[in-house]
Amino acid sequence: MSGSVKDFSSKSKKRFEFNFENKEVIFEIDQLASKSDKSIICRYGNTTVLTVLTVKQLTKNVNSFFPLTITFEEKFYAVGRIPNVFGKREGRPSYDAITAARLIDRSLRSFFPFPTAVIIGQEEKDFIGNPSKEKLVNSPLELIVSATEEKITMLEAGTQEISEAELAQAIAFAQQKIQILIGFFQHIASSLGVKKNKMEVKPKEVTSNQWLEEKGNYYLEKEKKMKEVRQQLTQEYCAKNPELEEEFVKDLVEEFWDDSDHIRPLEIQIDYLPNVHGSAVFARGETKVLSVITIGKISDKQLVDSIFNRSYKHFIHHYNFPPFAVNEIASYRSVSRREIGHGELAEKTFDYLIPSPDLFPYTVRAVSEVLSSDGSSSQASICATSLSLMTAGVPLIRPAAGIALGLFEGQIYSDINGLEDKLGEMDFKIAGTEKGICSIQLDVKNHGISQELIKTSFAKARQARLRLLAEMKNHIYHPRPNLPTQVIKCRRLVVEKEKIGLIIGPRGKTINQLTEETGSTIEVQPDGYILIYHQEEDKLEETC
């Protein structure tokens, strides 16, 4: 901390100022929501956020789930806009708002003292702390890091095939910036005389039978299945190698099973569904995901309308996790935060790998249906999506695959299942190509992990990713050269701007006549291009 101590000035006991990355950070304590337990106004440059904390005494015991709820509310007046929805007022949170709430929740849930977060971008070879919106849009890296002074507690990133070494450097750079912020927060706490509330939690006295009933039945059944698999493997291996002693084979199977780099058995099927534009099933152990692709016109793009940005998406990924995937019964409910978060993670993976609309004039929707889940379903959906995109003829730069790593007593394990995820200390999702990493997401259940452990995780993930990609290439090596017959086809024409009016005609008469005669869809682009869509190649030529 010697290099991160700053001169923090205070105008009053409840107002604190600090310059961070060439912008003023201002905290105003308990100025607005005075009935709450605590409220803080944070100003950073021209951005203002009100954070309000309310704490209530629990009326019943909570055994495992920490009762923390984070909500992130967007106010369109903050960016000088009226919401583009019926009623003209803010309604359900956008995907951006849900993602922001999840990032905060994942950062805070397991940690006291609380960690601090920064966003890292990249300009040429230099990393940038909390870059401007304009610089972040053009950055090949968007990395969000939460950390304490010593440990990394949460990671989220979308990148353009960054190398493991470079990403590790970006994380180290972020932690240096965070240490400066922590110094500022410590100054605020000491100025206000903040002391931690010590809470005594009486351990719940339970018998071993109660514990098994509450915690163990499902996992005991799972372990029974794993035992049966081990026995079956031993019998088959002995039958194929009769010269080996059974005890030796048992030890061999156990060594294979407990291997920290072990990847569960893979099963891949492409072109699984008829009539769709592309489909694939990817199974890893008991986790099984069906991915289905639909390709539409550029005008099928999705409007993203939030206070963060107003833009369009030409690649959309939806992740569905129905209750039957874990053998549960539940009524229909709206899309969960988790489903939205996992869908967004897959989108980050493929944002760079799918060519821009200038090169591939289509909108692509991928739907990942989790049919059975025993851990790592989000990374299985990335593998399934990569396969289905290639079957649909979407010209990926390179195929992608993802793997989830866990941590147990200092040992990193690849391809964690549901039990390992529940009982382990971290869930580190890493996806990318042969060239580099495209997305990461880290959640921890301890007090954070070290830089060295992150580097080791990157190396293990790369090794596992290359094995997955090699198996995927056995089924489809690269994207198919042509789109399926049932996909609408496109021709792009370059037209001089002064002649576009001739094609449209008075009140659209000419373009409507062309559309009626040929059955084509004609879309005039603002850059002077005209896109013509039709199912049949000869009709496209006729329209052109």
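We're numbering straight along the sequence, starting at 1.
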task = Show your reasoning for whether salt bridge (charged side-chain N to carboxylate O under 4.0 Å, His left out) applies to E434 and R462.
result = CA-CA 8 Å; E434 292 176 338; R462 177 171 179 79; over 6 Å; no
request  = Under the salt bridge (charged side-chain N to carboxylate O under 4.0 Å, His left out) rule, what do K133 and E142 come out as? Steps first, then yes or no, please.
outcome  = CA-CA 11 Å; K133 181 179 177 180; E142 182 176 354; over 6 Å; no
request  = In sequence, state the C-alpha distance, the side-chain angles, and the governing distance for E73 and K75, and then conclude on salt bridge (charged side-chain N to carboxylate O under 4.0 Å, His left out).
outcome  = CA-CA 7 Å; E73 297 183 10; K75 301 299 181 183; 3.6 Å; yes
inquiry  = For Q441 and R106: C-alpha separation, side-chain torsions, deciding distance, then whether side chain to side chain contact (heavy atoms under 4.5 Å, CB included) applies.
reply    = CA-CA 10 Å; Q441 188 179 86; R106 289 164 43 211; 3.0 Å; yes
request  = Step by step, work out the side chain to side chain contact (heavy atoms under 4.5 Å, CB included) result for I293 and V364.
outcome  = CA-CA 7 Å; I293 302 298; V364 180; 3.9 Å; yes
key: Test side chain to side chain contact (heavy atoms under 4.5 Å, CB included) applied to I440 and E156, step by step   = CA-CA 6 Å; I440 62 171; E156 180 101 11; over 6 Å; no
Working for side chain to side chain contact (heavy atoms under 4.5 Å, CB included), residues L290 and L273 = CA-CA 10 Å; L290 165 66; L273 295 178; 4.1 Å; yes
key: Test log, rule salt bridge (charged side-chain N to carboxylate O under 4.0 Å, His left out), inputs R102 and D443   = CA-CA 11 Å; R102 279 173 52 83; D443 299 319; 5.7 Å; no
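Within 6.0 Å of NZ on K135 lie no more than 12 heavy atoms contributed by other residues, nucleotides or ligands. The number of heavy-atom neighbours closer than 6.0 Å to NZ of K509, taken from other residues, nucleotides and ligands shown, is 12 or below. Residue N275 qualifies as open at atom CG: its count of foreign heavy atoms under 6.0 Å is 12 or below. By the neighbour-count criterion of 12 heavy atoms within 6.0 Å, atom CD of E536 is densely surrounded, having more than that number from other residues, nucleotides or ligands. Within 6.0 Å of atom NZ in K348, more than 12 heavy atoms from other residues, nucleotides or ligands are found, so the atom counts as buried in its surroundings. Around atom CG of L303, more than 12 heavy atoms belonging to other residues, nucleotides or ligands sit under 6.0 Å away. Counting heavy-atom neighbours within 6.0 Å of Y529 OH, excluding the residue itself, gives a total of 12 or less.
For the pair K455 and F458, the cation-pi criterion (under 6.0 Å, within 45° of the ring axis) is not fulfilled.
Judged purely by atom type and a 3.5 angstrom limit, R492 uses its side chain to pair as donor or acceptor with the backbone of D358.
Results of the side chain to side chain contact (heavy atoms under 4.5 Å, CB included) test with L531 over Q525, R491, K297 single out Q525 as the only residue that passes.
Remark: the S299 side chain and the E523 side chain contain an N/O donor-acceptor pair separated by less than 3.5 Å. Looking only at atom types and distance, the side chain of T510 has no donor-acceptor partner in the side chain of Q513 under 3.5 Å away. Judged purely by distance below 3.5 Å, without hydrogens or angles, the side chains of S368 and H317 pair a donor atom with an acceptor atom. S94 and E74 are linked by a side-chain donor-acceptor pair at a separation below 3.5 angstrom, with hydrogens and angles left out of the test. Using a 3.5 Å distance cut-off with no hydrogens or angles, the side chains of S381 and S291 do not pair a donor with an acceptor. A donor-acceptor pair shorter than 3.5 Å can be found between the side chains of D96 and S306. No hydrogens or angles considered: a donor-acceptor pair under 3.5 Å links the side chains of T433 and E161. Side-chain atoms of Q535 and Q486 include no donor-acceptor pair closer than 3.5 Å.
With rounding to the nearest 0.5 Å, the separation of CG in N327 from OG in S372 is 9.0 Å.
Using a 4.5 Å heavy-atom threshold, the side chains of R365 and Q302 count as separate. For the pair H314/Y362, no side-chain contact is recorded, criterion being any heavy-atom separation below 4.5 Å from C-beta on. Between I503 and V524 there is no side-chain heavy-atom pair separated by less than 4.5 Å. Side-chain contact between K460 and I412 is present, with at least one heavy-atom pair separated by less than 4.5 Å. Put simply, the side chain of M472 reaches to within 4.5 Å of the side chain of C383, judged on heavy atoms. Within the 4.5 Å cutoff, no side-chain heavy atoms of K445 are placed close to those of M426. Contact annotation: the side chain of I403 never approaches that of R467 to less than 4.5 Å [non-hydrogen atoms, C-beta and beyond]. By the 4.5 Å heavy-atom criterion applied to side chains, R284 and V289 are not counted as neighbours.
Across all non-hydrogen atoms, the minimal contact from E339 to S334 is OE1-O, 4.4 Å. Nearest heavy-atom pair, C438 versus L353, reported as atom, atom and distance to 0.1 Å: SG-CD1, 4.1 Å. Nearest heavy-atom pair across S386 and F350 is N-CZ, 3.7 Å. In terms of heavy-atom proximity, A283 sits nearest to K288 at CB-CE, 3.8 Å.
In this structure, F308 has its ring center no closer than 6.0 Å to that of F76.
Below 30°, between 30° and 60°, or above 60°: for Y319 and F321 the angle between ring planes is below 30°, a parallel geometry. A perpendicular orientation is assigned to the rings of F408 and Y413, their planes being inclined by more than 60° (bins at 30° and 60°).
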